[in-house]
Novice: 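First, the structure itself, so that you have it in front of you.
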2 protein chains.
Amino acid sequence: MLPFTVEFRTGLSLYQQLVYAVQKAIVSGQLLPGDRFPSVRKLSQELRINPNTAQKVVTRLVDQGLLEVKPGVGTMVARLPEASPRERSALLDHEAEALVVEARRLSLTLGQVQQAVQDHWNGLSEVSVNARENPGKEGSK
Amino acid sequence: MLPFTVEFRTGLSLYQQLVYAVQKAIVSGQLLPGDRFPSVRKLSQELRINPNTAQKVVTRLVDQGLLEVKPGVGTMVARLPEASPRERSALLDHEAEALVVEARRLSLTLGQVQQAVQDHWNGLSEVSVNARENPGKEGSK
DNA sequence: CATGTGTACTAGTATTCATAGTACACATAT
DNA sequence: ATATGTGTACTATGAATACTAGTACACATG
């Protein structure tokens, strides 16, 4: 029973997809700062992957500041760290450009791209709202 | 003397970056259908890479329908092929989402993302306009 | 014929990814 | 003190990918 969902697809490495799934769960509010995060042994069991692969996922997310660990205790979701201006401009300069190049290659329109961006933005915000209702239910257990 | 520019950065494979640079040159109009594309030997010389790596770039672009080759003659830029609905929805569903997730992780705003998308969109269109003027200059040589 | 083109190989090295297994230190519950 | 669960660090292996080097052949053109 993991607090995030992941559908494995071909073309991307397992650990990349897992890192992304957790990032998504965090930015959407499905996972909140202070929440307990499953141990690498639980991750590897549930996902049927090697513990070292699970550990690699956690290490990457720790490096990004999304998770924090206490040796012997476990892992929990951290507060979203302040992003560096460098990272931000890299996304706006490079990743956004790559999306646009790809969109133009597929003959999509600017409007379609912007609409998709907005839809995803709103979709993640809706999850955030739902997530705040669900923790209340869990608190009653 | 290549008809596209590429700045190699770490983190991505050489051939990926080259494929992207050519995609960008094509969608921006810097390279037009029918234009001659450099041979793999020229690519490897200019870029100081192995000819097999250059060939891999060309093969990938041919697979995408952006280039077409005539054995013994050479390679030229193809007409932008009709993109499959599958590719399109994949970009709008997955790549756009990934950009949004990353943007939210970096605490960027929807407005900033959409502004960046539009800027890049416009930036590529401006290149297209300039490219149409430059061929005229080259014609006079 | 000489030159330039794409293409297909073989072979090698380095890196990444994922796995398997082991073991230790730390923390908590019984 | 013991049992259980935690993170962490290793070694080793194999597969896949990336990139290089070199060679050779067929095709096209001057």
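All of these numbers come straight from a predicted model, not from anything done at the bench. Residue numbers start from 1 in every chain, and the chains themselves are labelled A, B, ... in the order their sequence lines are given, proteins ahead of strands. Hydrogens, waters and symmetry mates play no part in the numbers below; they use all other heavy atoms, side chains included.
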Novice: Take atom CG of B/Asn50 and atom P of D/dC19, then tell me their distance rounded to the nearest Å.
Specialist: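 It works out to 11 Å between those atoms.
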
Novice: Separation of A/Met76 atom CE from D/dT6 atom C1', in whole Å?
Specialist: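 The answer, rounded to whole Å, is 12 Å.
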
Novice: Is B/Thr75 touching bases, backbone alone, or none of the nucleic acid, heavy atoms closer than 4.0 Å?
Specialist: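 Sugar-phosphate, no base atom in range.
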
Novice: Among D/dT20, D/dT6, D/dG7, which is the nearest nucleotide to the side chain of A/Lys42?
Specialist: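 Comparing D/dT20, D/dT6, D/dG7 against the side chain of A/Lys42, the answer is D/dT6.
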
Novice: Mapping B/Arg36 and A/Lys56 to their closest nucleotides on DNA chain C, which lands nearer the 5' end?
Specialist: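 Here B/Arg36 is the residue nearer the 5' end.
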
Novice: Can you check the B/Glu68 CD to C/dT5 P distance for me, whole Å?
Specialist: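 The distance from CD of B/Glu68 to P of C/dT5 comes to 18 Å, rounded to the nearest Å.
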
Novice: Would you say B/Leu67 and B/Val77 make side-chain contact, with heavy atoms under 4.5 Å?
Specialist: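 B/Leu67 vs B/Val77: side chains touch.
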
Novice: Base, sugar-phosphate, or nothing: which does A/Thr53 touch, judged by heavy atoms less than 4.0 Å apart?
Specialist: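 A/Thr53: base contact, heavy atoms under 4.0 Å.
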
Novice: Is there a side-chain contact between B/Phe37 and B/Asp35 in this structure, where contact means two heavy atoms from C-beta onward sitting under 4.5 Å apart?
Specialist: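 Side-chain contact under 4.5 Å: no.
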
Novice: Measure from CZ on B/Arg60 to C1' on C/dG6 and round the result to the nearest Å.
Specialist: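 It works out to 19 Å between those atoms.
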
Novice: Checking contacts here: which listed nucleotide (D/dC19, D/dA28, D/dT8) is nearest the side-chain heavy atoms of B/Ser13?
Specialist: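 The closest nucleotide is D/dC19.
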
Novice: Would you indicate which nucleotide in C/dA18, D/dA18, C/dT28 comes nearest to any side-chain atom of A/Leu14?
Specialist: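 Nearest listed nucleotide: C/dA18.
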
Novice: So, OP1 or OP2 of C/dC26: does either fall under 4.0 Å of a side-chain N or O from A/Lys70?
Specialist: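 No.
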
Novice: Is there a donor N/O on one and an acceptor N/O on the other, under 3.5 Å, for the side chain of A/Asn52 and the base of C/dC17?
Specialist: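 Such a pair does not exist between side chain and base.
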
Novice: Quick one: B/Leu43 CG to C/dG4 C1', roughly how many Å, whole number?
Specialist: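 So the two atoms are 14 Å apart, to the nearest Å.
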
Novice: With a 4.0 Å cut-off on heavy atoms, is B/Val40 in touch with a base, just the backbone sugar-phosphate, or nothing at all?
Specialist: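 If one applies the 4.0 Å heavy-atom cut-off, B/Val40 turns out to touch a base.
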
Novice: Looking only at the side chain of A/Tyr15 (C-beta and beyond, no hydrogens), which of the listed nucleotides D/dT6, D/dT8, C/dC17 gets closest?
Specialist: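 Of the candidates, C/dC17 comes closest.
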
Novice: Could you tell me whether the side chain of A/Lys24 reaches within less than 4.5 Å of the side chain of A/Leu124, counting heavy atoms only?
Specialist: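 Yes, their side chains come closer than 4.5 Å.
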
Novice: Atom CZ of B/Arg48 to atom C1' of D/dA21: distance rounded to whole Å?
Specialist: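 B/Arg48 atom CZ is separated from D/dA21 atom C1' by 18 Å.
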
Novice: Roughly, in whole Å, what's the span from CD in A/Gln17 to P in C/dC17?
Specialist: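 The answer, rounded to whole Å, is 12 Å.
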
Novice: Would you state whether a donor and an acceptor, one from the side chain of B/Arg41 and one from the base of C/dG6, lie under 3.5 Å apart?
Specialist: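 Between C/dG6 and B/Arg41, which were checked side chain against base, a qualifying N/O pair under 3.5 Å is present.
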
Novice: Considering only heavy atoms from C-beta outward, does the side chain of B/Leu66 approach that of B/Pro81 to under 4.5 Å?
Specialist: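 A side-chain contact exists here, since the closest heavy-atom pair is under 4.5 Å.
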
Novice: To the nearest Å, how far apart are A/Leu12 CG and D/dT17 C1'?
Specialist: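 Those two atoms, CG and C1', are 14 Å apart.
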
Novice: Over all heavy atoms of both residues, which pair between A/Arg88 and B/Leu106 is shortest? Give the atoms and the distance, please.
Specialist: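 Heavy atoms only, the tightest pair is NE-O, 3.0 Å.
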
Novice: Please determine whether a side-chain nitrogen or oxygen atom of A/Ser39 lies at a distance below 4.0 Å from atom OP1 or OP2 of D/dG5.
Specialist: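 For D/dG5, OP1/OP2 do not have a side-chain N/O of A/Ser39 under 4.0 Å.
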
